[in-house]
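Keep in mind that this is a model prediction, so the values were computed, not measured.
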Amino acid sequence: YQAEFINQLHEIKNILLYFNFKIPKEIDFQLYNMSAAFNNFFHKDNSIALFNGSNNANYFQYKKIDQQINDLKPKKLDKVKNGLCIYNDKNKKIFFDIVRPTNKQINQNLHSGTLSFELSCLGEKIVTNCGSMEKRHGKKPEYFRYSAAHSTLILNNTNISELSKNSYRRIPKKISFDYIENANDVIWIASHDGYHLNFSRIIKRKLKISKNKNMIVGEDSIILSKYNVKKILYNIRFHLTPNCSSLLANNKKSVLIKTSKNQSWVFNSTGILSLEDSICIKDGKKIEQIKQIVITNYTDVSNKTENWSFVKV
């Protein structure tokens, strides 16, 4: 929708120019403002990040718009308080979902993927969400909106948000975000209370992104918000893209990842890992088989933390 709006503004501007009308400053401002944000949403493989119903079905139209605005400096979105937080350097790009569901009209397209992330590096995407069907009319498959279709932490196979078309039944009331930067790293720390009412837990994710290496270190925490003795299943999912092949190490704490362009990555974890089947639909049309790395365990009466990392080798 953002791409369409930018394109319509260009068409309106061209019509006004053709008839020698003065261009209202509001049109130029919105073109600059929206375009400077729009050209941030492409991964290092030039695909669109798969958050909240976006897909690559209209990729060539996206690129035409992007070519019209390639002289604009992209907005820095690494310190946002609401929306998609984006880190970008010459090699890698990382998207982090800290969207606060507040607007009912916007929520019609929102997915339940709070604190999910995507990673691309050196022209290839490594970690993804499962995407969305390109369908303007009629009902889209609901399962692509589920939390399990995102690279995030899920409790008891329950969605973080329960979003319906016309209203929302349950959403996180509080999503916090902190930004820390030093000479070597950018550190994002975010949390949500989407599981507070039903499971008495707060979810916290810390991402440490190396500026100088192709590496991201994660820490996922499940924090008691009030005393609850019930054991709860949790899964932390990392969906790999179709261009990745993967092999689980014998110790079940590492996964070796090889990309179609011969990048080698290692995923390490303090917890026991499994490799499971998954699907993605990055082009909005064709469902592709992929693999997902999954950390599975149970919480108890204490706080629980899982540490993991993606490192290019």
Side-chain angles (χ1 to χ4, degrees), residues 1-10 27-101 103 106 109-111 113-132 134 150-152 175 177-181 185-190 205 207-211 214 216 241 280 282-284 310:
Y1 288 114
Q2 185 171 357
E4 288 179 353
F5 191 68
I6 292 171
N7 188 57
Q8 289 162 1
L9 285 176
H10 277 294
I27 290 180
D28 279 330
F29 172 78
Q30 288 299 340
L31 270 174
Y32 178 87
N33 190 42
M34 294 187 70
S35 300
F38 178 77
N39 57 12
N40 268 297
F41 297 115
F42 293 91
H43 269 290
K44 291 298 184 182
D45 65 348
N46 289 318
S47 67
I48 286 284
L50 301 182
F51 292 85
N52 297 319
S54 60
N55 57 59
N56 288 278
N58 300 300
Y59 174 77
F60 293 107
Q61 288 88 340
Y62 296 155
K63 293 310 292 183
K64 285 180 182 178
I65 292 172
D66 194 45
Q67 288 166 8
Q68 296 180 65
I69 60 178
N70 58 15
D71 57 333
L72 286 179
K73 185 177 180 180
K75 280 186 178 180
K76 282 183 68 70
L77 299 175
D78 56 347
K79 301 177 184 177
V80 300
K81 294 296 183 181
N82 183 16
L84 287 181
C85 198
I86 303 171
Y87 172 85
N88 186 37
D89 63 32
K90 66 178 182 179
N91 290 332
K92 60 187 178 294
K93 197 160 191 177
I94 297 161
F95 293 81
F96 189 36
D97 185 346
I98 52 170
V99 175
R100 291 179 176 84
N103 183 293
I106 293 173
N109 291 312
L110 281 184
H111 287 202
T114 308
L115 306 192
S116 65
F117 78 99
E118 293 193 337
L119 164 68
S120 61
C121 184
L122 297 171
E124 291 184 285
K125 191 175 178 185
I126 312 298
V127 181
T128 188
N129 295 316
C130 292
S132 180
E134 176 64 16
H150 298 78
S151 294
T152 191
I175 299 176
F177 177 76
D178 291 308
Y179 175 97
I180 302 169
E181 184 174 5
D185 305 295
V186 166
I187 300 169
W188 293 335
I189 304 171
R205 170 164 274 183
L207 299 180
K208 184 167 78 170
I209 305 163
S210 173
K211 294 180 180 179
N214 295 322
I216 176 172
T241 57
C280 79
K282 66 178 183 179
D283 65 354
F310 279 94

Sequence neighbours excluded, which residues qualify as side chain to side chain contact (heavy atoms under 4.5 Å, CB included) partners of [X]?
X: N91; value: D89, C121, L122, N214
X: I180; value: I187, I189
X: F5; value: Q8, L9, M34

Where [X] and [Y] come nearest, the two heavy atoms and their spacing:
X: N40; Y: F95; value: O-CZ, 3.5 Å
X: A49; Y: S54; value: O-OG, 2.6 Å
X: D45; Y: K125; value: OD2-CB, 3.6 Å
X: K211; Y: E181; value: NZ-OE2, 2.7 Å
X: K93; Y: N39; value: NZ-O, 4.4 Å

Separation of [Y] [atom2] from [X] [atom1] (nearest 0.5 Å):
X: F117; Y: T128; atom1: CZ; atom2: OG1; answer: 10.5 Å
X: H111; Y: C130; atom1: NE2; atom2: SG; answer: 10.0 Å
X: D283; Y: N55; atom1: CG; atom2: CG; answer: 7.5 Å
X: T114; Y: I175; atom1: OG1; atom2: CD1; answer: 4.5 Å
X: I126; Y: K92; atom1: CD1; atom2: NZ; answer: 12.5 Å
X: N33; Y: D28; atom1: CG; atom2: CG; answer: 12.0 Å

Return the orientation label for the F177 and F96 ring planes: parallel under 30°, perpendicular over 60°, tilted otherwise.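 Plane angle between 30° and 60°, so tilted.
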
Return yes if a side-chain donor-acceptor contact under 3.5 Å exists between S120 and H43, otherwise no. yes

Verify the distance criterion only: is there a donor paired with an acceptor across the side chains of K76 and N88 at less than 3.5 Å? no

Heavy-atom donor-acceptor pair, [X] side chain to [Y] backbone, under 3.5 Å:
X: N46; Y: F42; result: no
X: W188; Y: D78; result: yes
X: S151; Y: S116; result: no
X: N56; Y: I48; result: yes

Would V127 and E118 count as a side-chain contact (heavy atoms from CB on, under 4.5 Å) if you check the C-alpha gap in whole Å, the side-chain angles of each, and the deciding distance to 0.1 Å? CA-CA 5 Å; V127 181; E118 293 193 337; 5.5 Å; no

Using the side-chain contact (heavy atoms from CB on, under 4.5 Å) rule, take I98 and L115 through it: C-alpha gap first, then chi angles, then the decisive distance, then the call. CA-CA 6 Å; I98 52 170; L115 306 192; 4.1 Å; yes

Within 6.0 angstrom of K282 NZ, more than 12 heavy atoms from elsewhere: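 Count not over threshold, so no.
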
Given side-chain contact (heavy atoms from CB on, under 4.5 Å), test Y179 with V186 step by step and report yes or no. CA-CA 8 Å; Y179 175 97; V186 166; 3.7 Å; yes

Could you give me the CA-CA distance, side-chain angles and deciding distance for T152 and N129, then say whether side-chain contact (heavy atoms from CB on, under 4.5 Å) is met? CA-CA 9 Å; T152 191; N129 295 316; over 6 Å; no

Candidates I94, D97, L207, V80 - the one meeting side chain to side chain contact (heavy atoms under 4.5 Å, CB included) with C85: V80

